[in-house]
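Worksheet: one structure, shown below.
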Amino acid sequence: MKLPETASNMAHLNANAFGAAARAALEDQPLRSALAKATDTFADRRGRVLDEMPAWEELRTHGNAIKAEALSRLDHHLAHFVREAEARGTKVHFARNRAEACQVVEGLADRLGARTIVKSKSMVTEEIGLNAALEARGLEPVETDLGEWIVQLAGETPSHIIVPAIHKSKDEIARLFQEKLGTDGDLDAEELTAVARKILRGTYLEAELGISGVNFAIAETGSFLVLENEGNARLSTSLPRVHLAVMGLEKLLPRWQDLETFLRLLPRSGTGQHLTSYQSIFTGPKQSPEDEGPDEVHVLILDNGRSAVLEDDVARETLACIRCGACLNVCPVYRQVGGHAYGSVYPGPIGAIVTPQLVGTESAVPLPSASSLCGACRDVCPVKIDIPRILLHLRGKVVERMPTRAPLERLGFRMWSLAARSPRAWRIATRVGRPLARLAASPSGVGRLARRLVPPLQGWTHGRALPRAAKVSFRERYARREA
Amino acid sequence: MTSAREAVLGAVRRALDKVPAAPTAAGPSPARPDDWTAAERVERFRAKLEGVGGVVHEVADAAAAATLLGELRDAGGWSEVAISDEPLVAEVTGGCGIEGFDGGSDRTRLEACDVGVTTAQFAVAETGTLVLLSSAERHRLTSLLPPVHVALVPLERVVTGLGDALGHARTAGDGSPPPLVTLITGPSRTGDIELQMVMGVHGPRDLHVILIGAAS
């Protein structure tokens, strides 16, 4: 299959392998226990912190309205942000795609003569594969969020939006540190954390450039905000001489005042905290007489497929996502298979709608179907994104764009459609079909063979029993009773 | 060749060409607390901050704050103390015989300090949060590098809601937000290894807030 050009929008994309990856994950017992523990813990914490917030639904409605307003006039708000940020000395860069974005960062690093670059957690830099691009030029980007640092040390990719190393046990991490850093192989979580603190402190002090993500940008003041618990974002943006923040173009809020609602929504939804330990709101480089903080502040605004999503009336609200991860923790699919199975930087229900839109539906065919449409994601979403509706919308697009896909399924539905259009055809079809269906569900050898070989039954009966059709249909019994 | 800036802004403009503007959502955030009394503010601030591992002390005046800080120093065995440039910090540290180190440019020495003493421009009762404005005090690194952060907060700086403090911060830097507004709610923490909570991963492990002027 030929993939569209947009397939290169995301680093490490492997979304079309979802089926095989999900099956492998289901066999991985340690992974599944870790996932169960983590997703339950976050869902419970969220529930407890929401009990203390009676106005939660009003907050969601307000968050949704602010995002709808921001997205519907994003051109205006972006221009406003650029004007205000530049007026306060921030340098603003744009990138159409992944390659351009990496070039901007490389150009900045070259100009600074930077070698060590500290990074605080940023999904969008994972999306553009920034670390690999910088490493290819002989630079040393260092992730400083503990989970991201562990994942980088292991040469892996994050598996959860909020807890990147959720797939690794403490013992695995201790062995990883032993192998890579020469520490004892039996350190506990406190000791492992202390090792990271000690090593990374030195790195912050020598880095010439600090890179962060952006949780929210504010058009009317040209400011942007980063939330965290560890303090690594504060260090990464305070110690190096230059701070670069990378953001998707959808991160804008119109007003400073809007922050308050999102500060109530995001930490409660993400980690179940009423507020994370730290928020830093940046508005330009230091102003005399200040002598702390970076000399230069840069913002890089990335499109990479996002502007095309704005056009789509159904899917536009995908861009309202504030990356809290609440939908992952309640999703019956994510909870079983974890983040890596999605083959995308953005996993879970939100990833299943973000990924196909950034990289093209042909590059992520299974993702819109990786859902039972139960609606739990929509119910917990702090900005009320109707994820199931967008999943269906994207399933429609897959069918439209790939008319030769799944011929048997097509044939089946065409026949069903023919039968369902006339009572007579329906009677004939059920009279012929029922004995066949009974045979397929029977414990006989023929039944077993049918379940193993007939394509739709194959997958469906893998984990469940096929219900057996009744000998006599309801219509037939009803007709007999009348007579 | 068009620049990336023109291309991206143009693509966004064209995509929204036929999209009607959504109504404005300007207005105060829901769930804003009503005004609380001074006593309610202190009680709520303490409950929220201590709930996430901070420690809140109440003292009557700067002299009492100095006595308390001296006790904390003796209990913690601090020898090197970093201080910000706020007069109140000099008064309180001087009051208990601490010779504070005030030199953010010497990061290696700051890094080696046992504690950093600063004030906060606001304390938010609703969430147990300290608000630090970079335009008001030299406390960016002093509040961050040492393993212990002590914040002195005169009682009149304790406000009810997050919105009150953010509203002030909005214009604190000559009518604009200052270069950095930092919100601090408890010590540095991580749960990245098997969700086990560990304090002081990158920032301070201990956070003490001394409220000064409490009617005690």
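All values below were derived from every heavy atom in this structure, side-chain atoms included, with hydrogens, water molecules and symmetry-related copies excluded. Chain letters run A, B, ... following the sequence lines, proteins first and then strands; every chain starts at 1.
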Practice problem: Using non-hydrogen atoms and a 4.5 Å limit, figure out which bit of A:L59 sits close to chain B: side chain, backbone, both or neither. | Solution: both
Quiz item: Does any heavy atom of chain B fall under 4.5 Å from the side chain of A:I218, the backbone, both, or neither of them?
Solution: neither
Quiz prompt | B:T171 portion near chain A, given a 4.5 angstrom heavy-atom threshold | solution = neither
Quiz item: A:S238 versus chain B, heavy atoms under 4.5 Å apart: side chain, backbone, both or neither?
Solution: both
Practice problem: Flag the one option from B:R13, B:K48, B:R32, B:Q196 with the top tally of heavy-atom pairs under 4.5 Å to chain A. | Solution: B:R32
Quiz item: Contact part of A:I301 toward chain B, heavy-atom cut-off under 4.5 Å: side chain, backbone, both or neither?
Solution: neither
Exercise. Check whether A:I166 gets within reach of chain B through its side chain, its backbone, both or neither, counting any heavy atom under 4.5 Å.
Key: neither
Quiz item: Only one of B:L141, B:L145, B:I184, B:L180 clears side chain to side chain contact (heavy atoms under 4.5 Å, CB included) with A:R234; which?
Solution: B:I184
Self-check item: Leading residue by heavy atom contact count with chain A [cutoff under 4.5 Å; candidates B:T182, B:L207, B:V19, B:D85]
Solution: B:V19
Quiz item: Going by an N to O cut-off under 4.0 Å, is there a salt bridge joining B:R189 and A:E228?
Solution: no
Practice problem: Let me see the working for B:L16 and A:L74 under side chain to side chain contact (heavy atoms under 4.5 Å, CB included), right down to the final yes or no. | Solution: CA-CA 8 Å; B:L16 292 170; A:L74 194 56; 4.0 Å; yes
Exercise. Flag the one option from A:H274, A:R316, A:R264 with the top tally of heavy-atom pairs under 4.5 Å to chain B.
Key: A:R264
Quiz item: What's the spacing between B:D17 CG and A:L310 CG if we round to 0.5 Å?
Solution: 12.5 Å
Self-check item: Among B:P177, B:G51, B:G186, B:A11, residue most engaged with chain A (heavy-atom pairs, under 4.5 Å)
Solution: B:P177
Quiz item: Quick one: of B:S135, B:P178, B:G27, who has the most non-hydrogen atom pairs under 4.5 Å with chain A?
Solution: B:G27
Practice problem: Flag the one option from B:P28, B:G10, B:G54 with the top tally of heavy-atom pairs under 4.5 Å to chain A. | Solution: B:P28
Exercise. Run the numbers on A:E86 and B:R5 for salt bridge (Lys or Arg N to Asp or Glu O under 4.0 Å), then give the verdict.
Key: CA-CA 14 Å; A:E86 289 181 339; B:R5 173 180 299 209; 2.8 Å; yes
Quiz item: Is it true that A:K168 and B:E194 have a side-chain N and a carboxylate O under 4.0 angstrom from each other?
Solution: no
Quiz item: Does the side chain of A:E230 come under 3.5 Å of the side chain of B:S188 through a donor N or O and an acceptor N or O?
Solution: no
Practice problem: Give, for atom CG of B:L162 and atom CG of A:L263, the distance between the pair rounded to the nearest 0.5 Å. | Solution: 5.5 Å
Practice problem: Could you point out which residue of B:R107, B:E111, B:H202 forms a side chain to side chain contact (heavy atoms under 4.5 Å, CB included) with A:Y204? | Solution: B:H202
Exercise. Heavy-atom pairs under 4.5 Å with chain A are the metric here; pick the option from B:A7, B:A26, B:P23 that has the most.
Key: B:A26
Quiz item: With chain B, which of A:E58, A:E311, A:E69, A:K37 has the greatest number of heavy-atom pairs at distances under 4.5 Å?
Solution: A:E69
Practice problem: Check each atom of A:K198 against the heavy atoms of chain B and say whether the ones under 4.5 Å are side chain, backbone, both or neither. | Solution: neither
Quiz item: Which residue out of A:A95, A:A189, A:P254 racks up the most heavy-atom pairs below 4.5 Å with chain B?
Solution: A:A189
Quiz item: Heavy-atom distance under 4.5 Å to chain A: side chain of B:V201, backbone, both or neither?
Solution: both
Quiz item: Do B:R170 and A:E220 meet the salt-bridge criterion of a basic N to acidic O distance under 4.0 Å?
Solution: yes
Practice problem: Can you tell which part of B:T129 gets under 4.5 Å to a heavy atom of chain A, answering side chain, backbone, both or neither? | Solution: side chain
Practice problem: Heavy-atom distances under 4.5 Å only: say whether A:R45 touches chain B with side chain, backbone, both or neither. | Solution: side chain
Quiz item: So which part of A:E84 gets closer than 4.5 Å to some heavy atom of chain B, the side chain, the backbone, both or neither?
Solution: neither
